[in-house]
Amino acid sequence: MAQDTSVRLRAATAEDAEEITRVFLASRAAALPGLLRVHSDEETLARITHVVLPDSRVWVAEGEAGELLGFASLDGDELDQLYLRPDTLRRGIGTQLLERVKEASRGEVSLYTFQRNSAARAFYERHGFVAVAYDDGSRNEEEEPDVLYRWTAVR
């Protein structure tokens with residue numbers, strides 16, 4: 001897959017919160033129909049505004065017109081969020097965001113994804129992440145079985 005050279009990555013700002021929220025909500029709805037929604041759109045915006053943006057390193061991917069195509073957030077060594085607008089998949093944008101996260105990491109990144117999200121699991125596995133633990137859903141709000149992945153840089 002060719003990388004989309006019209007995409008620009010930059011650090012997210014507080015002004016990006018609403019658009020990040022829209023991407024998050026659209027991406028989850030498209031990737032995981034039927035997933036239990038435990039937070040309203042307003043609560044999700046509040047979490048992104050008051051928790052994710054101030055407490056994590058967040059990058060956004062922008063298109064040629066400055067539109068937000070996706071975002072990723074790194075909280076310590078955990079990839080907490082990586083979401084793309086559903087109409088932008090398979091253009092290399094997720095790969096660009098993931099590479100930025102890896103570069104910014106201390107050489108190790110972990111993440112959780114839902115077990116039934118086969119597209120996300122395949123994406124992370126293609127990028128060197130290895131499944132290290134499986135959970136029955138008791139550790140997350142959605143009560144959805146998940147899997148812990150870990151990537152370690154080759155030294």
Side-chain angles (χ1 to χ4, degrees), residues 1-33 35 37-114 117-131 140-142 146-155:
M1 146 188 21
Q3 185 168 305
D4 190 332
T5 56
S6 66
V7 173
R8 180 176 82 94
L9 299 187
R10 65 168 174 80
T13 66
E15 290 74 35
D16 296 315
E18 285 188 21
E19 194 60 28
I20 286 172
T21 301
R22 279 195 283 280
V23 168
F24 173 87
L25 293 170
S27 178
R28 278 178 72 121
L32 296 164
L35 180 68
R37 291 226 23 213
V38 295
H39 298 287
S40 68
D41 293 2
E42 294 77 20
E43 290 168 331
T44 301
L45 174 59
R47 181 175 184 280
I48 287 171
T49 301
H50 301 294
V51 177
V52 174
L53 285 168
D55 296 346
S56 304
R57 298 170 72 185
V58 183
W59 298 272
V60 296
E62 291 181 321
E64 288 184 78
E67 72 279 20
L68 200 136
L69 306 175
F71 72 100
S73 72
L74 182 64
D75 184 1
D77 292 327
E78 183 175 349
L79 175 60
D80 187 44
Q81 317 268 337
L82 195 161
Y83 290 95
L84 302 177
R85 263 185 17 204
D87 63 330
T88 65
L89 300 178
R90 307 229 178 270
R91 287 178 35 197
I93 299 165
T95 298
Q96 288 177 262
L97 284 164
L98 188 57
E99 289 303 317
R100 178 66 54 91
V101 165
K102 286 178 173 181
E103 291 166 9
S105 77
R106 295 178 286 199
E108 183 172 295
V109 177
S110 63
L111 65 92
Y112 285 94
T113 193
F114 296 122
N117 193 345
S118 56
R121 293 181 64 185
F123 170 78
Y124 292 122
E125 289 169 9
R126 272 195 316 276
H127 289 282
F129 284 78
V130 176
N140 64 61
E141 293 179 304
E142 294 86 357
D146 59 16
V147 56
L148 172 63
Y149 278 93
R150 187 161 292 127
W151 168 83
T152 304
V154 178
R155 301 199 189 267

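Model, not experiment: these values are computed from the prediction.
Residues E19 and E67 are not in side-chain contact: their nearest non-hydrogen atoms beyond the backbone lie 4.5 Å or more apart. Looking at heavy atoms from C-beta onward, L82 lies out of side-chain contact with L111 at the 4.5 angstrom threshold. Counting heavy atoms from C-beta outward, L69 and L84 have side chains that stay 4.5 Å or more apart. Using a 4.5 Å cut-off on side-chain heavy atoms (C-beta onward), R150 and V130 make no contact. Looking at heavy atoms from C-beta onward, L98 lies in side-chain contact with F123 at the 4.5 angstrom threshold.
Residues passing the side chain to side chain contact (heavy atoms under 4.5 Å, CB included) test with S27 are Y83, sequence neighbours excluded. Listed by chain and residue number, V51 satisfy the side chain to side chain contact (heavy atoms under 4.5 Å, CB included) test with D55 (two or more places apart in sequence, or in another chain). Residues passing the side chain to side chain contact (heavy atoms under 4.5 Å, CB included) test with R10 are R8, T13, D16, V60, E62, sequence neighbours excluded.
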Practice task
Verify side chain to side chain contact (heavy atoms under 4.5 Å, CB included) between I20 and L53, making sure each step is shown before the conclusion.
Solution key: CA-CA 10 Å; I20 286 172; L53 285 168; 4.0 Å; yes
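Side chain of E78 to main chain of D75: no donor-acceptor pair is present (N/O by atom type, distance under 3.5 Å, no hydrogens or angles). In this structure, R57 contributes its side chain and A104 its backbone to a donor-acceptor pair below 3.5 Å. For K102 (side chain) and W151 (main-chain N/O), no donor-acceptor pair under 3.5 Å exists by modelled atom type.
For the side chain to side chain contact (heavy atoms under 4.5 Å, CB included) with Q81, the lone residue among L97, V52, V58 that qualifies is V52.
E125 and Y149 share a donor-acceptor pair across their side chains, judged by distance under 3.5 Å alone.
One finds the CZ atom of R22 at 9.0 Å from the CG atom of L45 (value rounded to the nearest 0.5 Å).
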